Every structure is written in structure tokens, then in C-alpha cells.
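All remarks here apply to the structure that follows.
Treat the numbers as computed from the prediction; the structure is a model and nothing was measured. Here is how names work: the chains are called A, B, and so on, in the same order as the sequence lines, proteins then strands, and each is numbered from 1.
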Amino acid sequence: MVLPDLPNAVEGKVVVRYPPEPSKHPHIGQMLSFCINHLIAEKYKGRRVLRFDDTNPERIKEEFYEGFREAISWMELKIDQEVLASNYMDTYYEKAEGLIKNGDAFVCSCEREAFSKLRAEGKSCQCNLNNATEKNIDLFEQMMKGEFSVGEAVLRLRGDMQSDNSALRDPVLLRISEFPHAIQGDKYHIWPMYDFESPIMEEITGVTHIFRSIEFGKMREELQSLISKKLNIIPPEFYEYSRFNIIGAPTQGRVIRELVEEGVVNGWDDYRLVTYQALKNRGIQPQVFSEIVERVGITKSTTNIDWSLIFSINRKIIEPRSKHYFFVDEPIEIVLLNPEPVELEISLHPYNKDLGKRKVKVNETLYLSGTDKKLLKENEILRMKDLYNIKIVKKINEKKYEAEIFGDELLPKIPRLQWVSEPVKIEIVKPEMLYLNNRINKDSLEYITGFGEKSISNLKIGEIVQLERFGYTKVNKKNDKIKMNYIHG
RNA sequence: GCCUCGAUGGUGUAGCUCGGCCAAUCAUUGCGGACUCUCACUCCGCAGACCCGGGUUCAAAUCCCGGUCGAGGCACCA
């Protein structure tokens, strides 16, 4: 995809931002959003600011700051500057006072519902009409000192109560909250709203271009531009794009939270989720996200990303560096009637020879996958891949057959099957789509057990391998049996 | 209800500003084939789309009007 050409973008002068609110774990929507901004900065050789929008003390938690830093650096995105919006409280207060002095803001003590009614009717409230500048300054100082309690007063912009854009109808600039802030403690009583904080932080960090999803809306853009204007700040260029949905996965933080709390999923890092932790643990590679952005583009219509796209990109990254092993699902025992002890070395990758080889010993028993059961007919000749041919002699029962070695010449057009001779138990968790037709898919987590080759037990936790004709998996845990998670086919 | 924005194959996207080179791009997906001691990777081929109706024009995916559907916003959240 070609990134859009930005208005007023000069190479080397562009500044973009990653503006997370540290109130939750990062999820794919934010990750893609970071990538978009990163890519824009790359295109124009610009600067990237990580700005924590932490001005709502009720929502933020200290642990979440690090989560975002981690996700960004994991994706190999650059950060040139990091700021905390909550470190600039005095600036918001100063700017607010400036606004009051210019008659652009007033302290309002209306009840919430009452004001909302006025807003619907397009009428100004008495506080706007009656309070003189001097009085407003007075009132605001009292607010800062903590002389009002929560809900008793707010500072509002003197906007336009009749504007079509309801965001412009005397919006709140600062409000009271006595909730202790995760970083700033209980030092402050009044906190800026996003629309007030944002333009100021943009100015402080020199942001020139804002890329954000449409949930912030054109109305906000207009409001923020108006606030900038009253503050004598040149507003940045705004650019908006639609939200990203992943088909079959919830992408809204609120929904994910509910699923976690209700126990529908096993936590924020459940493989069926599209949170940073889940994706990372599942085995999706950090480079995938920027690539997704380049492939799906930046548009204003809702973008439904299919898992198959993610898998395709990921597969191409991990394919050349994943060791290959054999794994058999629902194992079927093959007893060889004419066994020959064999020790052999098999390449760990068909063309990447750097990955080396694994040693395998074969004696009188082989295990084949239950999914190949239909091939197990008497007198059928099958190729044991990289080994020799066998001929099925007799079925003992559903799980056991007798066979004999039938030469090692590679015969044309016979099935080539993966096999296991020195079995180790493996349990694989396979995630499917959490939602099917908008309903929770109860069977979205499948547990598959089977036998893997012995050398799989030498793998390190976290290693990604290809189990031939099964899929890519990642080593998760090793104790009595090896636990892996299925990444994709 | 009000205010924005959007609509191209199953999915995503290019093209729309400046109508003709568009019997519509690329990717993903599906199918077939080649390669390979994997159903992976790579390569080749095939399949599948301009929301609807009207208008302007020699000519419309592209411009205009009217619908329909979808998304987002309308907080003392961000």
C-alpha cells in the first residue's frame, strides 16, 4: 500500500504520536495504530512521541504504562520522546486561566442533567451568562485549591450553544476528581479533559500530524482546533481512519474485559484474543503488524481483517527459520514384522541447512497419525517419509496394525506419511475463532494430544517449529508431557 | 433523534481529485498444476467485485440527484 501524501508534511519535520491511555493492556487496534504512525514517521523521516494520556486518574493504573512501552519496542517501533500528560498539570492550569481572562472559559456549577438539557435546547446556562471574568478567576482558584467537591464545579469553554456540532456547546475543559493518580498521587484536584489536554500536549511535543481512528470523530477535531485557536496554537493536521476488526475476535477493550471477567476466556493472554500478550504468546511475530498496515491500508471504511491474512504474513516470516518435526495425532501403532534397527539423521529444514539435523532411532514400532487411517488397508504400500516403505499386513484393532518393511526405494505416487518411532507425549492447544456468526463459539479451544519425535523434548520454551502436515506450533511448557500451542497451518 | 463519514470479488485494497488507457490493480482465500521424500515455502494457471435507482455525457467505478445499508460521534472517558 502507498501511504497517503500528507498536507504540509516536510521531510524531517514531521512529528507523530502514539497516545495510549494506560488503563488497559494493549490490543491489536492500538498496535496497528502505533504502526501507522511509525510508518508515517518513516516515510517523512520524522519523530515519534509516545504520550501517555493519563489525565483521568480514575481509570489509569501504573502497571499499564510499561505494557505499552513493551508492546511498542517489541514491534521494533521507534520512540524518540516519551511524555506523560499528567506531568503538565501546571501548564493546563495556566492555559485555563488565560482562557478565563480572555472570556473564553467560565466556571460552571450547573448540575449535569440540567446542563445536558440546556445543551439539547441550545441555550446557555446562567453561569455562562452571569459570571464576570473576575469572579470566574476566583472560582477557578477555589477549584484548584480543592474547595469544591466532585461534581460541584467544572471549567467550561465558552463555545457556541447553538452549533450543529454538539461538542462545541460549552464543553468541559477541566473537572474535579479526588481520585488518587497512579503517578501524581493526590497532588491535584482538577484534571483536564482529553480535548483540552490533547491540543496542549500536541503543542508541547511539536506534533504536526495526528493519525487516529474515527472514534475520536470530526466533532472532536473541530473542538480541538477551536481550543488551539483560542490558545494561539497552530493545530496539527488531522487524519482519521476506520477501526480495525479482526473477524471472529473482539477488538473492543470493554468487550474483552467482560469476557475475561465472565471466564469465557482464560485471561487477557488467551490465544483467541487479539491483545498484545495473546498475539505474542501465540507466536505472531512482531514484524507482522506493520506489514498488516501496509497490506490493508488506511481507509475510512471499516476494515475487517481476516485471520488468514495475519497467518499468511506470519507464516512467511517463521517458515524459513522453523525446525521441522513429525507429530502424529491420535496415534496408531504399527508393528513391523521384519524389523531392522535403523539410526538416521533427518534435516530439520528442507532448504535451510543451517538448522542442522536430528537423530532418530527406529526399531520394531512406528506410530502413524489417526488422520491417515483411511490409508491403512491390507497390502497398501506407504512411504514413511525419509525412512523406508512399509506394506500393511493386517489390522489387529482400531489402534494397532501389523506391517512389514517393503524396501527403501522411493516409489512414485504412494502416500508419504509422517511417523514417530520414539514417542514423547505432546498436548497442543488449538485456538479457533471466538465468535462464529456473532455468537460465542464454545468449542473455540481444542486440545489435541499425540506423539511427537523424541528430539522435540530438546526444544526450548518459546521455540516455534513446523510439525509437518499439521501446522506451526510453539513450545509452551515442558513437564511430564510437552505442551505446545498451535499458531496456524 | 441530531451530526459526521463510508460503500469495488468471501476478505482487504488500488483506481474516484483531473470521466475514455478499467471487459477494473495487488494481496489474501478457494481450486488446479509444477517443485519438494510435508497438505509448509516457491513458481504457474483458474475463479470471483464497481450497493440500488435516476440524470449529465459520444463515453461513468469515477460527475450530479435521490434511496438503501453500514460505521463513528452526540460525557464532569480517552
Side-chain angles (χ1 to χ4, degrees), chain A residues 1-2 19-24 52-56 58-60 85 108-112 115-116 119-120 150-156 163-169 171-177 190-195 197-198 212-223 240-247 253-254 291-292 294-313 315-316 318-320 322 324-326 346-347 349-352 371 383-389 408 410-412 414-418 466-472 488-489:
Chain A
M1 187 214 54
V2 195
E21 181 192 38
S23 64
K24 51 187 173 300
F52 285 104
D53 278 331
D54 58 350
T55 49
N56 180 357
E58 289 145 41
R59 280 169 59 111
I60 63 158
C108 175
S109 51
C110 293
E111 300 235 335
R112 210 180 219 185
F115 193 90
S116 135
R119 176 173 271 172
V150 178
E152 278 185 351
V154 292
L155 186 75
R156 289 185 183 277
S163 173
D164 264 355
N165 178 354
S166 52
L168 263 31
R169 321 237 254 237
V172 173
L173 262 18
L174 292 115
R175 53 131 188 183
I176 298 168
S177 176
I190 56 179
W191 293 88
M193 307 301 288
Y194 173 74
D195 291 308
E197 169 262 327
S198 203
R212 53 159 51 148
S213 71
I214 46 163
E215 70 195 77
F216 292 96
K218 263 269 184 282
M219 295 160 93
R220 299 236 94 77
E221 179 184 325
E222 220 182 308
L223 205 214
E240 51 187 30
Y241 49 82
S242 77
R243 51 174 295 121
F244 297 103
N245 293 325
I246 308 296
I247 296 172
R254 182 184 54 78
E291 183 69 26
I292 290 175
E294 303 212 36
R295 300 260 198 122
V296 306
I298 304 171
T299 65
K300 289 187 184 176
S301 48
T302 311
T303 299
N304 298 307
I305 298 172
D306 202 283
W307 275 107
S308 70
L309 210 225
I310 299 175
F311 295 161
S312 162
I313 297 169
R315 191 184 298 119
K316 277 161 199 167
I318 63 179
E319 192 275 335
S322 303
H324 287 47
Y325 292 95
F326 295 164
I346 305 175
S347 288
H349 194 278
Y351 62 86
N352 182 357
T371 55
R383 175 66 176 184
M384 301 293 99
K385 191 184 172 228
D386 299 316
L387 217 205
Y388 44 51
N389 309 317
D408 58 6
L410 195 56
L411 301 170
I414 60 168
R416 293 162 182 177
L417 305 183
Q418 281 65 18
Q466 188 198 124
L467 301 180
E468 287 195 7
R469 287 205 310 140
F470 182 80
Y472 290 90
H488 47 65

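Using the six-membered ring where Trp is involved, A:His349 and A:His324 have ring planes that are perpendicular, over 60° apart on the 30 and 60° scheme.
B:G45 is paired with B:C31 under the criterion used here, namely a Watson-Crick or G-U wobble arrangement in which both key atom distances are under 3.5 Å. Across every strand in view, B:U62 sits unpaired, with no contact that passes the Watson-Crick or G-U test at under 3.5 angstrom.
The CD atom of A:Glu221 sits 19 Å away from the P atom of B:A78 (whole-angstrom rounding). Going from atom CD of A:Glu319 over to atom C1' of B:A40 covers 6 Å, rounded to whole Å. Rounded to an integer number of Å, the gap from A:Leu223 CG to B:G73 C1' is 12 Å. Rounded to an integer number of Å, the gap from A:Tyr472 OH to B:U38 C1' is 10 Å. A:Met219 places its CE atom 9 Å from the P atom of B:U4, with the value rounded to the nearest Å. Spacing between atom OH of A:Tyr194 and atom P of B:A75 amounts to 16 Å, rounded to whole angstrom units.
In this structure, the nucleotide among B:G12, B:A75, B:G73 sitting nearest to the side chain of A:Arg220 is B:G73. Checking B:G6, B:A78, B:A75 against every side-chain atom of A:Lys300, the shortest atom distance belongs to B:G6. In this structure, the nucleotide among B:U38, B:U11, B:A78 sitting nearest to the side chain of A:Ile247 is B:U11. For A:Glu215, whose side chain is taken as the heavy atoms from C-beta onward, the closest listed nucleotide among B:G72, B:U13, B:A75 is B:G72. The side chain of A:Arg112 has B:C76 as its nearest neighbour among B:C76, B:A78, B:C41.
At a threshold of 4.0 angstrom between heavy atoms, the contacts of A:Thr55 are confined to the sugar-phosphate backbone, with no base atom among them. Among the heavy atoms of the strands lying under 4.0 Å from A:Lys218 are primed sugar atoms or P, OP1, OP2 only; no base atom is included. Across all strands shown, A:Ser23 has no heavy atoms under 4.0 Å from either base or sugar-phosphate atoms. Contact annotation for A:Gln466: base contact, defined as any heavy-atom pair under 4.0 Å involving a base atom. A:Pro412 comes within 4.0 angstrom of nothing in the nucleic acid, heavy atoms only. Among the heavy atoms of the strands, none lies under 4.0 Å from A:Arg169. Residue A:Val154 is classed as a base contact, given a heavy-atom separation below 4.0 Å to a base. Within 4.0 Å of A:Asn165, counting heavy atoms only, lies no atom of the nucleic acid at all. Within 4.0 Å of A:Ile214, counting heavy atoms only, lie sugar-phosphate atoms of the nucleic acid but no base atom.
Here, B:A7 and B:G12 have their P atoms 12 Å apart, quoted to the whole Å. Spacing between B:A49 and B:U25 at atom C1', rounded to whole Å, works out to 12 Å. Using atom C1' as the reference point in both B:G72 and B:G15, the two lie 26 Å apart (nearest Å). With both ends at atom P, the span from B:C51 to B:G9 equals 7 Å, rounded to whole Å. Spacing of P atoms, B:C22 relative to B:A61, comes out at 13 Å, to the nearest Å.
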- Query: How does protein reach along nucleotides 29-36 of chain B, written 5' to 3' as B (base within reach of a heavy atom under 4.0 Å), S (only sugar-phosphate), or - (no contact)?
  - Reply: S-------
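Taking the salt bridge (charged side-chain N to carboxylate O under 4.0 Å, His left out) definition, one finds that A:Arg416 meets it with nothing, sequence neighbours left out. Applying the salt bridge (charged side-chain N to carboxylate O under 4.0 Å, His left out) rule to A:Arg119 yields no partners; only residues at least two apart in sequence or on another chain are considered.
Nearest-nucleotide positions on RNA chain B for A:Leu467 and A:Ser116 put A:Leu467 closer to the 5' end.
Note that CG of A:Asn304 is 11.5 Å distant from CG of A:Leu309, once rounded to the nearest 0.5 Å.
Applying the 4.0 Å criterion to OP1 and OP2 of B:U13, one finds that A:Thr303 has a side-chain N or O inside that range.
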